[in-house]
Amino acid sequence: MQPLAPGDEALLDGLQRSAFDYFVQHTNLANGLVADTSRPSSHASIAVVGFALSAYPVAVERGWMARGDAVQRSLAALRFFAHSDQSGTPEATGAHGFYFHFLHMDTGTRAWRSELSLIDSSLLVAGMLTAAAYFTAATADETELRALADALYRRVDWRWAQHKGDAVVLGWKPESGFLHYGWQGYSEALILYVLGLGSPTHPLTTSSFEAWTRTYQWENLYGYDFLYAGPLFIHQFSQTWIDFRGIQDRFMREKDCDYFENSRRATYIQREYAIRNPRSFTGLGADCWGQSAGDGPSTPRQRVAGRRQTFYGYAARGVPYGPDDGTLSAPATLASLVFAPEIVLPAVRQWVTQGGERMVLASGFNATVRTPTGEPWVSEGTFGLDQGLLVLMLENHRSGLVWQLLRGSPYIRAGLQRAGFSGGWLTP
């Protein structure tokens, strides 16, 4: 990767530090749980805890947090999950080594009748393994941290999630059992499969990964051949932790591609869609693009290019098939820096000039919808997933730290190899 210009280095450093401050401000130090959003009375998200556990090593390396403080925060979370109620009752924290998607910040019990989430549990486990890979000192605290992370990973019963054969379910609820659908099409579940296949105790079967990849959709859009997924986050989440540069599974070998290159193409497709702007929203263009899952306006319909346009609030937006209401996700665009800095940096510079840090860190903004003072609509508060994604992906671009840590994990290596990956850094 090309070194950044001094001005861009300072810009990214400021944004990354501000994103990390989310975890300083919205964590319960007693149990390590982290709020889903900065909005009042937010419940904890287990996925956001995973991002926090991965962000603490970045903060130590960057000098934003003392190592001892980072260890204590990580230990609080690991101890909580190790001793949490795994009975699977409606008031529990989890079952079979997985956890409910949302938890009460104080008690850590299930919130919002949420599902036992396979993917969010996977992001949490990825954070645990990152912490264990970084905190390697022989001190009592760091030794305990590694032991807890290892035990929590080994406790996960991935095979249980293969409810009816090869397919892995999305989740489970105590009131109704397994959700009636599984993973179909390329998605952020890539990291779920790697972790599940790498388990030394309750691994997924290798046929599960092949069954999933058979549902992939290879397309040609705007002259790019790529593995389709509409929202940017799908192309980013697994690669937050796993370095897919130069390694290939069966599917990617057949396409003479890899998942990193695929995400680079997806990033360019997002920009091209904005340049074409087929639905004529305000502001979209070469330096204003990027759709993902996130917050958006819920305002009444308004007329756009002769049609009555609905606005979707929080939604997983994607290109080119939608949904699309003109809302962009600046965090998702910035997180694509690792794939295509040459087109990401101009957009980020423009947004900082127009709206400051707030526009870049907010979950979404929409220039078609205007405030009473004539400014573009910008989401209130910040979301933990966005902030964690920024911290980790910016670090991967700047130093490769998170990738390096997980490349050294025997579980990640085993999971990739059982999924059929080879080449690159996996070569003995």
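In this structure, CG in Asp295 is found 4.5 Å from CZ in Phe383, a value given to the nearest 0.5 Å. The CZ atom of Arg358 sits 8.0 Å away from atom OG of Ser379, with the distance rounded to the nearest 0.5 Å. Once rounded to the nearest 0.5 Å, the distance linking CG of Leu33 with NE2 of His26 reads 14.5 Å. Atom CD1 of Ile412 and atom CG of Asp243 lie 11.5 Å apart (nearest 0.5 Å). Taken from CD in Gln86 to CZ in Phe81, the straight-line distance is 9.5 Å, to the nearest 0.5 Å. Between the CG atom in Asp249 and the CD atom in Glu254 there is a gap of 9.0 Å [rounded to 0.5 Å].
Within the 3.5 Å criterion, the main-chain N or O of Val391 finds a donor-acceptor partner in the side chain of Gln16. A donor-acceptor pair is defined here as one N or O able to donate and one able to accept, closer than 3.5 Å; no such pair exists between the side chain of Ser42 and the backbone of Arg39. For the pair Asp36 (side chain) and Phe102 (backbone), a donor-acceptor distance under 3.5 Å is absent. Judged by distance alone, with hydrogens and angles left aside, the side-chain atoms of Trp403 form a donor-acceptor pair with the main-chain N or O of Gln239 at under 3.5 Å. Judged by distance alone, with hydrogens and angles left aside, the side-chain atoms of Ser329 form no donor-acceptor pair with the main-chain N or O of Gly364 at under 3.5 Å. Between the side chain of Ser74 and the main chain of Ala70, a donor-acceptor pair closer than 3.5 Å is present. Of the possible donor and acceptor atoms, none in the side chain of Tyr153 sits under 3.5 Å from a partner among the backbone N and O of Tyr411. The main-chain N or O of Gly185 is found under 3.5 Å from a side-chain atom of Thr215 such that the two form a donor-acceptor pair. Formation of a donor-acceptor pair under 3.5 Å by the Arg413 side chain with backbone atoms of Leu426 is found in this model. In this structure a side-chain-to-backbone donor-acceptor pair under 3.5 Å is present from Arg418 to Leu197.
The aromatic ring centres of Phe311 and Trp377 sit 6.0 Å or more apart. Side-chain rings of Tyr259 and Phe226 stay apart, their centers remaining 6.0 Å or farther from each other. Annotation: Phe251 is in aromatic contact with Tyr216 [ring centroid separation under 6.0 Å]. The aromatic ring centres of Phe244 and Phe260 sit 6.0 Å or more apart.
In this structure, Arg264 forms no cation-pi arrangement with Phe339, as its terminal cationic atom is not both closer than 6.0 Å to the ring centre and no more than 45° off the ring axis. Geometric assessment of Arg307 against the ring of Phe281 yields a positive cation-pi assignment under the 6.0 Å and 45° thresholds.
The ring pair (Phe, Tyr, Trp, His ring centres under 6.0 Å) test with Phe51 singles out one residue from Phe23, Phe237, Phe20, and that residue is Phe237.
Side-chain atoms of Ser399 and Glu61 form no donor-acceptor pair, as typed in the model, at a separation below 3.5 Å. Glu375 and Thr371 form no side-chain donor-acceptor contact under 3.5 Å, judged by distance and modelled atom types alone. A side-chain N or O of Tyr273 and one of Asp324 form a donor-acceptor pair less than 3.5 Å apart. Under the 3.5 Å distance criterion, with hydrogens and angles disregarded, a donor-acceptor pair is assigned to the side chains of Gln162 and Thr205.
Among all heavy-atom pairs drawn from His235 and Ser263, the shortest one is O-OG, 2.8 Å. Between Leu170 and Tyr181 the shortest heavy-atom distance is CD1-CD1, 3.0 Å. The shortest non-hydrogen separation linking Leu118 to Val169 is CG-O, 3.5 Å. The nearest pair of heavy atoms linking Asp256 to Gln248 is C-NE2, 4.1 Å. Looking at every heavy atom in both residues, Trp172 comes nearest to Gly88 through CH2-O, 3.4 Å. Taking both residues in full, the closest heavy atoms of Trp158 and Gly196 are given as CD2-CA, 3.4 Å, listed atom of the first, atom of the second, then distance.
Under the 4.5 Å side-chain criterion, counting only non-hydrogen atoms from C-beta, Asp8 is in contact with Arg349. Side-chain contact between Val156 and His96 is absent, with no heavy-atom pair separated by less than 4.5 Å. Side-chain contact between Glu175 and Pro90: present, with at least one pair of heavy atoms (C-beta onward) separated by less than 4.5 Å. Side chains of Ser208 and Tyr193 form a contact here, defined as non-hydrogen atoms less than 4.5 Å apart. Looking at Arg265 and Leu227, their side chains never come closer than 4.5 Å, going by heavy atoms from C-beta outward. Within the 4.5 Å cutoff, the side chain of Ser18 has no heavy atoms near those of the Gln387 side chain. In this structure, the side chains of Trp212 and Leu190 come closer than 4.5 Å at one or more pairs of heavy atoms. Looking at Cys288 and Phe365, their side chains come closer than 4.5 Å, going by heavy atoms from C-beta outward.
Between Arg245 and Glu261 there is no salt bridge, since no side-chain nitrogen of the basic residue lies less than 4.0 Å from a carboxylate oxygen of the acidic one. In summary, Asp325 and Arg317 engage in a salt bridge, as defined by a charged side-chain N under 4.0 Å from a carboxylate O. With salt bridges taken as basic N to acidic carboxylate O contacts below 4.0 Å, one links Arg17 and Asp21. With salt bridges taken as basic N to acidic carboxylate O contacts below 4.0 Å, one links Asp13 and Arg398.
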Full working for side chain to side chain donor-acceptor pair (under 3.5 Å) between Ser38 and Gln25
CA-CA 9 Å; Ser38 64; Gln25 298 164 7; over 6 Å; no
Which is it for Trp112 and His43 under the ring pair (Phe, Tyr, Trp, His ring centres under 6.0 Å) test, yes or no, and what are the steps along the way?
CA-CA 9 Å; Trp112 282 332; His43 293 308; 4.6 Å; yes
Run the side chain to side chain contact (heavy atoms under 4.5 Å, CB included) test on Tyr99 and Ser117 for me, step by step, so that the C-alpha distance in whole Å, both residues' side-chain angles and the decisive distance to 0.1 Å come before the verdict.
CA-CA 6 Å; Tyr99 307 97; Ser117 173; over 6 Å; no
Ile275 and Tyr222: CA distance, side-chain angles, deciding distance, side chain to side chain contact (heavy atoms under 4.5 Å, CB included) verdict
CA-CA 11 Å; Ile275 291 171; Tyr222 310 139; over 6 Å; no
Could you please spell out the steps behind the side chain to side chain contact (heavy atoms under 4.5 Å, CB included) verdict for Tyr56 and Arg73?
CA-CA 8 Å; Tyr56 295 142; Arg73 285 169 171 265; 3.6 Å; yes
Verdict with reasoning, Gln291 to Thr327, per side chain to side chain donor-acceptor pair (under 3.5 Å)
CA-CA 7 Å; Gln291 296 191 24; Thr327 301; over 6 Å; no
I would like to know whether Leu192 and Trp183 meet side chain to side chain contact (heavy atoms under 4.5 Å, CB included); could you show each step before the answer?
CA-CA 11 Å; Leu192 184 162; Trp183 295 99; 3.8 Å; yes
Test side chain to side chain donor-acceptor pair (under 3.5 Å) applied to Gln404 and Tyr134, step by step:
CA-CA 10 Å; Gln404 292 168 17; Tyr134 180 77; over 6 Å; no
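In this structure, Arg276 places its CZ atom where more than 12 heavy-atom neighbours from other residues, nucleotides or ligands lie under 6.0 Å away. Other residues, nucleotides and ligands place more than 12 heavy atoms under 6.0 Å from the CG atom of Asn220.
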